[in-house]
Amino acid sequence: MSAPQKRLEVVGRSRRRVDARAKVLGQLRFADDLVLPRMLHAKLLRSPHPHAVIESLDASRARSHPGVHLVLTGRDFPVPFGIMPVSQDEYPLAPERVRYVGDPVAAVIARDEQTAGEALELIEVKYRALPTIATPEEALAHPETRIHDYGEQGNIHRNQAYEFGDVEDALANADHVFEDLFFYEGNTHLPMEQQASLAAIDGEGKLLLSSSTQNPHYLHRQLAQVLQIPAAQIRVIACPNGGGFGGKCDPGGHEFVVCKAALLLGRPVKIGLTRQEVFYVHRGRHPVLMKLRTGVSRDGRLTAMHLQTLLDGGAYGSHGPASTFYTGVLTPVTYELPRFKFEACRVFTNKPACGPKRGHGTPQPRFGQEVQLDKIAEKLRLDPAKLRLNMVTKPGSLTASWLRVGTTGLAECIRKAVEISGWKAKHRKLPPGRGVGIACSTYMCGAGVSIYWNKMPHSGVQLLVDRSGQVTVFCGSTEIGQGSDDVLAAIVAEVLGVDTGVVRCVTGDTGLTPVDLGSYSSRVTIMMGNAAMQAAERMREQIAGSVCETLGTTPERVAFSQGRVFAAEDPGKGMSFAEAVAITEAKLGTLSTVGSYTPPKPPGKYKGGGVGPSPAYSFSACVVAVEVDEKTGWIHVPKIWIAHDIGRAINPVLARGQVIGGVYMGLGEALMEEQVFRRLPPKLSAALVHRIPSMLDYKSLTALDMPEVEVALIEDPDPNCPFGAKEVGQGPLLPVMPAVANAIYDAVGVRIDELPITPDKVLAALELKAQGKTPRIGPARFPEVPYPKPMFVLPPWEGGDGNESKMPRPLGVAAS
Amino acid sequence: MSGTARIERRRNVQLRLGVNGEDTEVSFAPYKTLLELLREDLGLTGTKHGCELGECGACAVLIDGEPQLACLKLAIECEGCSVETIEGLARGKELHPLQAAFADHGGSQCGYCTPGVIMTAKGLLDHEPEPSRERIREATAGILCRCTGYQQIVDAIEHAAAELRGERK
Ligand code: FES
Ligand code: FES
């Protein structure tokens with residue numbers, strides 16, 4: 001940076017976020033709030049069968065129903081889609097086969113929702129039921145009932161296996177080997193806003209889709225593919241999302257349907273999904289079964305880990321290949337782990353597809369790892385906080401799997417969480433029924449590679465200023481409630497020395513804004529932020545170069561602060577920002593700059609090494625207090641303390657809100673949230689149905705259930721991040737679930753090795769304890785999974801170079 | 001249902017009610033809920049929906065001063081009622097203290113639950129100007145929020161209550 005270093009004026013201060021006013025006034029327009037003249041309404045017919053062949057579909061009665069304009073079926077969509085290039089396995093409307101209860105098969109477009117709903121009932125579909133696959137075990141045992149005709153084999157969608165150093169050798173030489181099984185039940189995002197989309201043909205004949213999507217860019221590409229029209233003829237506007245949490249990352253069948261209908265009818269077509277349909281669309285947390293074998297030295301240091309995961313993917317690919325990787329790749333980032341092996345397998349089942357939910361694939365193994373650490377500490381008679389503190393990864397180090405750990409505040413997070421929670425006076429010291437537990441975690445600040453292979457930037461920003469003094473910043477980033485517009489405005493305002501109030505954000509519009517890959521993987525602050533910083537610094541340089549003469553100073557000595565531009569050595573000598581822009585505009589012409597950001601190349605060069613690397617990692621440590629009623633198994637959580645290494649908080653009030661919101665969602669997953677299915681009684685049907693497609697039955701925490709959370713933000717600015725700011729949207733969720741499980745052990749001495757931890761499980765474990773049996777509830781066996789032979793890569797400290805190693809194993813020595 | 005009944009059901013009915021202090025007369029399809037009437041016939045899209053089944057609380061408005069779920073209320077039941085929605089809260093350009101507090105204390109993240117929770121909080125503070133945090137949690141427990149973890153919502157309502165009592169916090 002060329003300008004004199006100034007104190008930060010915007011960044012780091014709690015401010016009213018830029019979009020707050022519209023939100024509290026009820027003025028912000030979400031997708032379903034949009035209305036256009038001549039607008040029609042769409043509704044989808046969904047399959048009542050979990051697995052069936054569509055033998056015939058007769059829509060003639062629906063077509064002639066008064067008020068119906070169009071009926072679409074699978075025939076109207078010959079081209080499949082899928083968020084990942086390797087999993088193009090879904091159709092907007094299923095053409096010949098349905099794979100879960102809720103799979104859309106037809107759409108009615110009518111003058112109003114009521115009419116469309118009536119016409120749906122007039123569509124006659126003949127299904128031939130197929131055997132259904134309910135669980136991963138069934139999927140593996142019945143490869144002959146193939147849900148898809150692609151994938152690795154049978155019902156295995158994705159298999160991945162990596163070994164970094166000789167793990168068996170290290171385990172054989174470890175002082176202790178801990179072997180544990182864990183299960184993490186699936187759950188869903190439950191955003192308060194149900195997905196909605198409005199498609200229209202604009203005055204130039206181009207398609208315009210306004211939608212509740214987290215990823216307008218990927219949706220844009222998929223629309224072009226499925227509708228077979230050039231991307232330049234399509235504009236996607238991501239409306240502010242009423243919460244996303246990963247649930248609005250995949251393109252949805254409904255989005256293609258309204259676009260196709262608008263193209264055919266030449267009229268605007270809107271759809272709003274019902275809450276039940278949102279449960280069917282799902283793409284939520286994968287149920288994951290895990291096996292961890294971990295070698296530990298006498299003094300409590302990890303020597304190796306062998307992690308196996310089995311993911312229940314549901315009916316479609318979704319982000320599956322990435323999800324599968326994420327059940328392994330971030331495991332070695334928190335603690336020093338000399339050798340690491342992971343094998344992961346995702347299978348198809350006849351249930352709504354799983355996908356990315358806050359923490360994407362990582363909460364499950366983190367739960368297992370952090371509960372296992374508690375068991376290790378117990379066995380070695382070590383304090384679980386100290387055990388962790390002694391082995392945190394070093395700043396700038398590489399993991400066995402070649403991930404570069406940049407800055408890390410994990411040690412500081414542990415110290416802080418221990419301090420504010422009064423851990424030392426509480427752990428193993430509270431009266432029976434009360435306990436505390438600790439756990440840690442890490443998360444990426446953006447995925448190092450895009451979802452489709454390309455060499456272009458991950459985020460682009462364009463900045464426009466003019467003589468009025470207004471600053472307009474354009475970026476494809478998407479506001480899903482996390483505060484991305486506010487981060488964008490704050491960074492530009494900070495660099496240009498203006499108030500956020502003069503910055504107008506134009507975001508998430510593929511027709512107007514430079515590409516940003518979307519609101520996922522906690523990438524926005526870092527990637528959009530770095531791009532914005534570059535654009536704003538270029539603008540500042542142009543202005544400084546143009547006004548320095550007038551100010552009687554050199555460009556480097558021009559300061560920008562509080563809406564003024566002045567000579568650093570003589571602040572009295574200056575002008576307003578608008579005047580400075582006017583001088584610059586007169587000198588250089590119309591003013592605009594751009595900035596873009598591409599993440600650094602990852603150090604690991606082996607195939608698959610692109611998943612996991614990130615420009616920076618955030619870290620968290622969390623202490624949870626619980627009170628367990630031994631008579632009822634009821635779990636009460638009176639308080640949670642969490643320290644999060646955020647690098648720097650751009651807007652502390654929002655950052656704290658993200659932390660508390662993450663803790664809330666994690667606590668829900670720990671105690672009650674689960675998306676589960678059941679078979680109907682066989683005499684009724686063979687269907688495998690959602691037990692709970694409603695908000696009453698899908699339990700989530702209310703204001704009354706939610707404890708107060710004490711938040712400590714650990715700020716150690718990361719050089720790869722704008723003003724040092726790391727992510728905060730996903731990381732703080734991750735340590736909560738294991739901390740709850742560990743606290744329950746501290747309180748009543750039982751291990752619940754599966755989530756959610758419900759009172760019945762606690763009671764069952766207490767019963768075992770009373771009988772003198774192992775007081776544990778959790779999975780008992782891990783099925784035979786045909787994992788492939790792992791790719792072998794030597795860790796950095798064993799002479800590896802980041803490529804797959806040809807070196808024959810074993811090396812014959814345990815890692816030190 | 002017979003065809004004639006369907007046509008009958010479609011014939012609009014007339015209704016008079018007060019909306020945000022204004023006398024309002026509206027003609028609408030009789031099967032509509034108050035939520036649909038507000039959003040579709042009166043263009044007041046500030047009131048949100050998350051389920052339309054009485055489960056989420058996003059649609060809360062004040063009917064004659066009491067928080068109620070607009071999705072569970074048939075519009076024809078509202079003849080002569082006085083309905084307050086989020087659009088009626090601000091005075092001119094000036095935010096209502098609840099709105100300002102939500103904006104300043106992180107009470108609104110994605111903003112989708114915000115109208116329902118602000119209206120519910122207004123219903124509370126109109127009757128109980130000095131609620132405890134626990135009481136605030138209880139009064140707003142029917143409104144689900146997936147973003148905030150509720151804490152900053154409670155903070156915001158506490159601040160607004162103090163402001164409304166004339167003790168700036
Ligand atoms: S819309 Fe959910 S309670 Fe009314
Ligand atoms: S702020 Fe998003 S649901 Fe409450």
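Chain identifiers are assigned alphabetically (A, B, ...) following the order of the sequence lines, protein sequences preceding nucleic acid strands; residue numbering begins at 1 within each chain. Quantities reported herein were computed from a predicted structural model and do not represent experimental measurements. Just so it is clear, the values below take in all heavy atoms, side chains as well, and ignore hydrogens, waters and symmetry mates.
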Interface moiety of [X] toward chain B, non-hydrogen atoms closer than 4.5 Å:
X: A/Glu193; result: both
X: A/Arg29; result: side chain
X: A/Ile480; result: backbone
X: A/Pro707; result: backbone
X: A/Val663; result: neither
X: A/Asn651; result: neither
X: A/Gln276; result: neither
X: A/Ser694; result: both

Review point. With no hydrogens and no angle check, do the side chains of A/Gln194 and B/His49 hold a donor and an acceptor under 3.5 Å apart?
Key: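 Yes, side-chain donor-acceptor contact under 3.5 Å.
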For the residue pair B/Gln109 / A/Gln658, report whether a side-chain donor-acceptor contact shorter than 3.5 Å exists.
yes
Could you tell me whether a side-chain N or O of B/Arg146 sits under 3.5 Å from a main-chain N or O of A/His189, the two making a donor and an acceptor? yes
Side chain proximity check, [X] to [Y], heavy atoms < 4.5 angstrom:
X: A/Met706; Y: B/Gln151; result: no
X: A/Val24; Y: B/Ile118; result: yes
X: B/Cys147; Y: A/Phe245; result: yes

